[in-house]
Amino acid sequence: MATESVTDLREKLYKSNNRPKEFTKKSNNKHKGYFNRGVPRSKYDDYNTEEREEELQRVKSGIQQQKLFSADDCSEIEKKIDKVVKLSDIGLYKEHTVDRAPLRNKYFFGEGYTYGSQLTKRGPGSERLYSKGDVDEIPKWIHRLVITPLYKANVIPEGFVNSAVINDYKPGGCIVSHIDPPHIFERPIVSVSFFSESALSFGCKFSFKPIRVSKPVLTLPMARGCVTLLSGYAADHITHCVRPEDIVSRRAVIILRRVRDDAPRLEPLLEVVSPSRKRVIMTVDSDSDSCQGEKNLSDSSSDDNIKPVKVNSKVICLSEDLNHKDGRSHTTCSPKSVKR
Ligand SMILES: O=C(O)CCC(=O)C(=O)O
């Protein structure tokens with residue numbers, strides 16, 4: 001299949017906007033919506049001026065910004081971010097620490113969680129924290145260079161942060177509209193921007209192929225070295241996003257949050273080698289309340305506390321038969337799994 005080499009979503013936007021009329025028309029008939037030239041409409045587009053203004057004030061009431069990090073501070077932190085990228089490139093982080101996408105990479109420290117297409121059951125409220133230890137710890141430099149200055153400036157209480165995420169965007173990268181899951185994260189949501197100025201937009205609707213974003217209720221500038229706090233209405237009642245057109249050169253953000261004590265969590269996985277040399281990946285059922293509504297398939301197991309699982313839609317329960325006649329090891333995939 002011929003692939004178009006497009007590394008920047010802004011280029012895609014430009015190309016689709018400048019398609020010859022006839023081609024666009026024809027394509028519209030054949031592939032309804034694919035070459036839709038109109039931006040999507042959000043519910044806010046139906047608001048009158050007064051309603052829009054009221055909405056804007058509600059959003060603004062939940063936003064605080066402060067320029068806390070100097071250009072020198074930023075340079076030092078940016079070097080550390082580059083180091084994180086290098087460590088990731090040579091594979092030194094745990095699997096769930098790093099989430100790669102073509103135009104943005106995410107690095108989860110302290111806590112990580114399932115979201116978006118990683119979810120077997122999709123949608124808000126389905127997000128789950130990974131098991132303790134499934135992502136790398138918050139690097140010391142994040143504590144020293146970012147978190148400590150924040151509590152010294154009374155932005156957050158000492159000990160508040162237990163999750164730090166670095167988003168590293170290439171030009172034209174984006175994050176679609178979302179609300180940080182309230183069952184996972186306390187408020188406020190704190191972020192600090194690096195490398196270049198960008199913007200956080202509120203109340204946008206996205207459409208795809210080509211990517212399009214509706215008119216925001218608010219586009220909040222995110223300057224290099226600027227701290228942004230979202231709480232109340234801005235965090236809980238309106239979505240936020242980063243539009244592709246607002247990342248014009250490399251930008252990174254460090255998002256500092258507190259995971260709730262009662263946030264739902266996936267159970268830890270254990271790899272167990274049984275005496276019969278069957279290799280299976282199992283969970284320790286340490287808290288039966290965390291499996292509410294799940295069909296317990298461990299009944300036939302000799303150990304009620306362990307059961308095979310399916311993670312992120314992939315069957316990972318393997319049975320390794322080492323006794324083939326040809327002497328080679330064969331790995332077969334057997335669907336002995338339960339859905340999370
Ligand atoms: O890049 C930003 O400033 C916001 C990112 C964000 O909202 C997220 O990763 O959840």
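Values reported hereafter were calculated over all heavy atoms of this structure, with side chains retained and with hydrogens, waters and symmetry mates removed. Counting starts at 1 for both ligands and their atoms, following the listed order.
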Exercise for the section: Say whether Q65 and T228, considering side chains only, have a donor N or O and an acceptor N or O under 3.5 Å apart. Expected result: yes

Fill in the blank from the handout: Applied to residues 239-259, the ring pair (Phe, Tyr, Trp, His ring centres under 6.0 Å) test, sequence neighbours excluded, yields H178-H240

Fill in the blank from the handout: Residue pairs meeting salt bridge (Lys or Arg N to Asp or Glu O under 4.0 Å), one or both in residues 175-202, sequence neighbours left out, come to D180-R257, R187-D236

Practice task
Using a strict cut-off of under 4.0 Å between a residue heavy atom and any atom of ligand 1, list the qualifying protein residues by chain and number.
Solution key: K106, N167, Y169, I175, H178, D180, L200, M222, H240, V242, R251, V253, I255

Handout entry: More than 12 heavy atoms of other groups within 6.0 Å of K67 NZ
Key = yes

All N/O donor-acceptor pairs, side-chain side in residues 140-156, below 3.5 Å, sequence neighbours left out:
residue: T148; atom: OG1; partner: H143; partner atom: O; Å: 2.7
residue: Y151; atom: OH; partner: E158; partner atom: OE2; Å: 3.3

Problem - Charged tip of R104 within 45° of Y169 ring normal and under 6.0 Å - result: no

